[in-house]
Q: 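I have a structure I would like to understand better, so I am pasting it below and will then ask my questions one at a time.
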Amino acid sequence: MTHNKKILSAVSYGAASAVFSILVFFYAEFAKTQQVLPTFSASVAPTAEFNISASEYPQTGAQSCALIDAQSGQLLFSKNENERLPMASTTKIMTAIIAIENKSLDDDVLIPKEAQNVEGSSIYLVAGEVLSLRELLYGLMLESGNDAAIAIAIHTAGSVEKFCDMMNEKAKTLGLCNTNFENPHGLSSENHYTTAHELAKIAAYAMKNEDFRKIVATEKYIIDERENCRERYFFNHNRLLRSLDICDGMKTGYTLASGRCLVTSCTVENGRFVAVTLNDRDDWSDHKEMLLFATSNFESVKIAAGGEIFFSYQTAASPKQTVSVTNTEDIYITRKKGEDAALNLSVEIGATSSLVGDTAGYLSVNDKENCFLFPLTVSGVRSADGGCV
């Protein structure tokens, strides 16, 4: 049996007080629950239909493309978005975020011999030089240094192979099933691929990190000469940083096999959007059109901050347990600008497992046309006597 409690028949988006009243209702209702709830299963992929005519959507000659709301994950425009394709140096988005999450940017990195004379774009590293990880990341993302990618990988994981394992593990945790990394730089390899949609998800994830955002938004970075490190000037290859005010970064890429690849992002008052094109000869124009389309037509609506939805219920099985449930991440939905339809919120709980981190159910957010589902997870379990399980 599935519990589906109507929480609020109409919630004005952006009203924080309404969210807190929902939380009180959650707790009061579920504290009364005296039964074991069966497994709940549902797709959590955001689905939405927007009242936009076909002629208003962007035009692109890309082989594949995707435009998403980076905060909600909503796919707003796409073409062959699930086709597996090479992604060239846009690979380095994942390389950068793995390094940032696992090492200190102030680390000194002794450049290994493997990072010298790497094929393709380079920041001309020499074995035995010492650069900080921060400096290497600027060289990676601004100048697209393949040698920087190798040095970063070896410093972070001990070897390129182990670093690629970390990249692929991160792809799995992001729920990606059509992405595989065989190197940290993006040079052509048979089993090195992604899709436009999944690359957009990687980029949206990376943009949650403040250090990553700062790096990709930088137009020029200088390394001063010092002992064991020569002077270097890095210039961002992202033209939209200079020609489109709302653009705040991301990454270019090109190989003969992949064609021109590009990931860009923009941030405005009511949203952050990410555009991806793979194999697109006119990528700069296409991205400008896509980002302007997104900011002109859509906005992100924050439903709740991570951990803001919190309630508990008691199981009937012996020994009885009190299970606490919450949302682990911020919850956003995407709405067409000018839409003012009320939002209906409900919660569906159906967990047989009481392990911390397991999905316990979903928060459902509905407007007059769309339904969005967001996972709620077990955050704590206590026995009837109050002890932790």
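Everything numeric here is computed off the predicted structure, so don't read it as measured data. In what follows, every heavy atom counts, from backbone to side chain, and hydrogens, waters and symmetry copies are set aside.
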Q: Looking at OG of Ser89 and CE of Met141, how far apart are the two atoms once the value is rounded to the nearest 0.5 Å?
A: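 The distance works out to 9.5 Å.
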Q: State, to 0.1 Å, how close Thr218 and Leu241 come at their nearest heavy-atom pair, and which atoms those are.
A: O-CD1, 4.3 Å
Q: side-chain hydrogen bond (donor to acceptor under 3.5 Å, both in side chains) between His192 and Thr91: does it pass, once the steps are laid out?
A: CA-CA 9 Å; His192 190 89; Thr91 295; 2.8 Å; yes
Q: Within the 3.5 Å criterion, strictly below it, is a donor on Lys92 or Thr95 matched to an acceptor on the partner's side chain?
A: no
Q: Does a donor on one side chain sit under 3.5 Å from an acceptor on the other, for Ser122 and Asp147?
A: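 Yes - a donor-acceptor pair under 3.5 Å links their side chains.
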Q: Looking at every heavy atom in both Asp69 and Ser300, which two are closest together, and how far apart are they?
A: OD2-OG, 2.6 Å
Q: Answer yes or no: is there a donor N or O on one side and an acceptor on the other, between the side chain of Asp248 and the main chain of Ala217, under 3.5 Å?
A: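 Between the backbone of Ala217 and the side chain of Asp248 there is no qualifying donor-acceptor contact (under 3.5 Å).
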Q: Testing the basics here: between Thr322 and Ser312, what is the closest heavy-atom pair and its distance to 0.1 Å?
A: CG2-CB, 3.9 Å
Q: Does Arg239 CZ have over 12 foreign heavy atoms under 6.0 Å away?
A: no
Q: To the nearest 0.5 Å, tell me how far Tyr57 OH sits from Leu76 CG.
A: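 Answer for the OH-CG pair, Tyr57 versus Leu76, is 8.0 Å.
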Q: Shared ILVMFWY cluster between Tyr193 and Val263, side chains joined below 4.5 angstrom?
A: no
Q: Evaluate the side-chain hydrogen bond (donor to acceptor under 3.5 Å, both in side chains) criterion for residues Thr252 and His237: first the C-alpha distance (whole Å), next the side-chain angles of each, then the deciding distance (0.1 Å), finally the verdict.
A: CA-CA 7 Å; Thr252 59; His237 293 186; 4.7 Å; no
Q: Looking at Lys337, I want to see if its NZ is surrounded by more than 12 non-hydrogen atoms of other residues, nucleotides or ligands under 6.0 Å.
A: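 Yes, because the 6.0 Å sphere around NZ of Lys337 holds more than 12 heavy atoms from other groups.
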Q: Hey, mind stepping through Thr277 and Asp283 against side-chain hydrogen bond (donor to acceptor under 3.5 Å, both in side chains) and telling me if it holds?
A: CA-CA 7 Å; Thr277 53; Asp283 48 7; 5.1 Å; no
Q: What pairs with Glu289 under salt bridge (charged side-chain N to carboxylate O under 4.0 Å, His left out), at least two apart in sequence or on another chain?
A: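 Listed in chain order: nothing, the list is empty.
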Q: So for atom CD, which belongs to Glu190, do other residues, nucleotides or ligands contribute more than 12 heavy atoms lying within a distance under 6.0 Å?
A: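 Incorrect, the count does not exceed 12.
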Q: NZ of Lys288: more than 12 outside heavy atoms within 6.0 angstrom?
A: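 Not more than 12 within 6.0 Å, no.
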Q: Mind running side-chain hydrogen bond (donor to acceptor under 3.5 Å, both in side chains) on Ser72 and Thr334 for me, showing each step along the way?
A: CA-CA 6 Å; Ser72 72; Thr334 307; 2.5 Å; yes
Q: If we ignore hydrogens and angles and just use 3.5 Å, is the side chain of Gln74 paired with the main-chain N or O of Ile68 as donor and acceptor?
A: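 Not a single qualifying donor-acceptor pair exists.
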Q: Contact between Ile303 and Leu345 at the side-chain level, heavy atoms closer than 4.5 Å - yes or no?
A: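 A side-chain contact under 4.5 Å exists here.
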Q: Within a 6.0 Å radius of atom CZ on Arg230, are there more than 12 heavy atoms belonging to other residues, nucleotides or ligands?
A: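 Check passes, neighbour count above 12.
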Q: Side chain of Thr326, backbone of Ile309: donor and acceptor closer than 3.5 Å?
A: yes
Q: Would you give the length of the straight line joining atom NZ of Lys170 to atom CE of Met94, rounded to the nearest 0.5 angstrom?
A: 7.5 Å
Q: Are Leu131 and Phe163 connected in the hydrophobic side-chain network, where two residues link if heavy atoms are under 4.5 Å apart?
A: yes
Q: Roughly how far, to the nearest 0.5 Å, is the CG atom of Leu199 from the CG atom of Leu262?
A: 10.0 Å
Q: Using the ring of each side chain (for Trp, its six-membered ring), is Tyr138 parallel, tilted or perpendicular to Tyr221, with breaks at 30° and 60°?
A: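 Tyr138 vs Tyr221 ring planes: parallel.
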Q: Quick one: do Glu129 and Arg232 make a salt bridge, cutoff under 4.0 Å?
A: yes
Q: May I ask you to decide if Ser53's main-chain N or O and Glu56's side chain share a donor-acceptor pair within less than 3.5 Å?
A: yes
Q: If you count every heavy atom of other residues, nucleotides or ligands that lies below 6.0 Å from Phe235 atom CZ, does the total exceed 12?
A: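 Result for CZ/Phe235: enclosed.
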Q: If we ignore hydrogens and angles and just use 3.5 Å, is the side chain of Asn236 paired with the main-chain N or O of Val216 as donor and acceptor?
A: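 It does hold such a pair.
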Q: Rounded to the nearest 0.5 Å, what's the gap from CZ on Phe181 to CG on Asp165? Could you check?
A: 12.5 Å
Q: Report the residue from Asp107, Asp211, Asp106 that forms a salt bridge (charged side-chain N to carboxylate O under 4.0 Å, His left out) with Arg134.
A: Asp106
Q: Are Ile52 and Val268 connected in the hydrophobic side-chain network, where two residues link if heavy atoms are under 4.5 Å apart?
A: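 Yes.
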Q: Rounded at 0.5 Å granularity, tell me how far CD in Glu81 sits from CG in Asn178.
A: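 It comes to 11.0 Å.
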Q: How close do Leu110 and Gly128 get, heavy atom to heavy atom, and via which atoms?
A: CD1-O, 3.5 Å
Q: Same cluster or not: Leu140 versus Tyr205, using hydrophobic residues (I, L, V, M, F, W, Y) connected whenever any side-chain heavy atoms lie under 4.5 Å apart?
A: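 Yes, because Leu140 and Tyr205 connect within a single hydrophobic cluster, where side-chain heavy atoms sit under 4.5 Å apart.
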Q: Backbone N or O of Tyr254 within a donor-acceptor pair of the Arg260 side chain at under 3.5 Å?
A: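 No: the side chain of Arg260 does not pair with the backbone of Tyr254.
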Q: Linking I/L/V/M/F/W/Y whenever their side-chain heavy atoms sit closer than 4.5 Å, directly or via other members, would Leu187 and Ile98 fall into one cluster?
A: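 Per the 4.5 Å side-chain linkage, Leu187 and Ile98 are not co-clustered.
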Q: For atom CG of Asn191, decide whether the heavy atoms of other residues, nucleotides or ligands shown that lie under 6.0 angstrom number more than 12.
A: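 Counting other residues, nucleotides and ligands, CG of Asn191 exceeds 12 neighbours.
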Q: If you count the non-hydrogen atoms of other residues, nucleotides and ligands that lie under 6.0 Å from CD1 in Ile222, is the total more than 12?
A: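 Yes, CD1 of Ile222 has more than 12 neighbouring heavy atoms, counting only those of other groups under 6.0 Å.
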Q: Got a donor-acceptor contact below 3.5 angstrom from the Glu182 side chain to the Cys164 backbone?
A: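 The answer is no, because no donor-acceptor pair under 3.5 Å joins these two groups.
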Q: What is the minimum heavy-atom distance between Met290 and Phe77, and which atoms define it?
A: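 Closest pair (atom of Met290, atom of Phe77, distance): CE-CD2, 4.2 Å.
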Q: Give a yes or no on whether the backbone of Glu83 and the side-chain of Asn80 come within a donor-acceptor separation of less than 3.5 Å.
A: no
Q: With a 3.5 Å cut-off and no angle check, do the side chains of Lys251 and Ser144 form a donor-acceptor pair?
A: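 Checked: Lys251/Ser144 side chains pair up, N/O donor to acceptor below 3.5 Å.
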Q: Under 4.0 Å between a side-chain nitrogen and a carboxylate oxygen: does that hold for Arg226 and Glu135?
A: yes
Q: Between Asp330 and Gly306, what is the shortest heavy-atom contact and its length?
A: OD1-N, 2.7 Å
Q: Are Leu136 and Ile123 packed together at the side-chain level, in the sense that at least one heavy-atom pair is separated by less than 4.5 angstrom?
A: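 Yes, side chains in contact.
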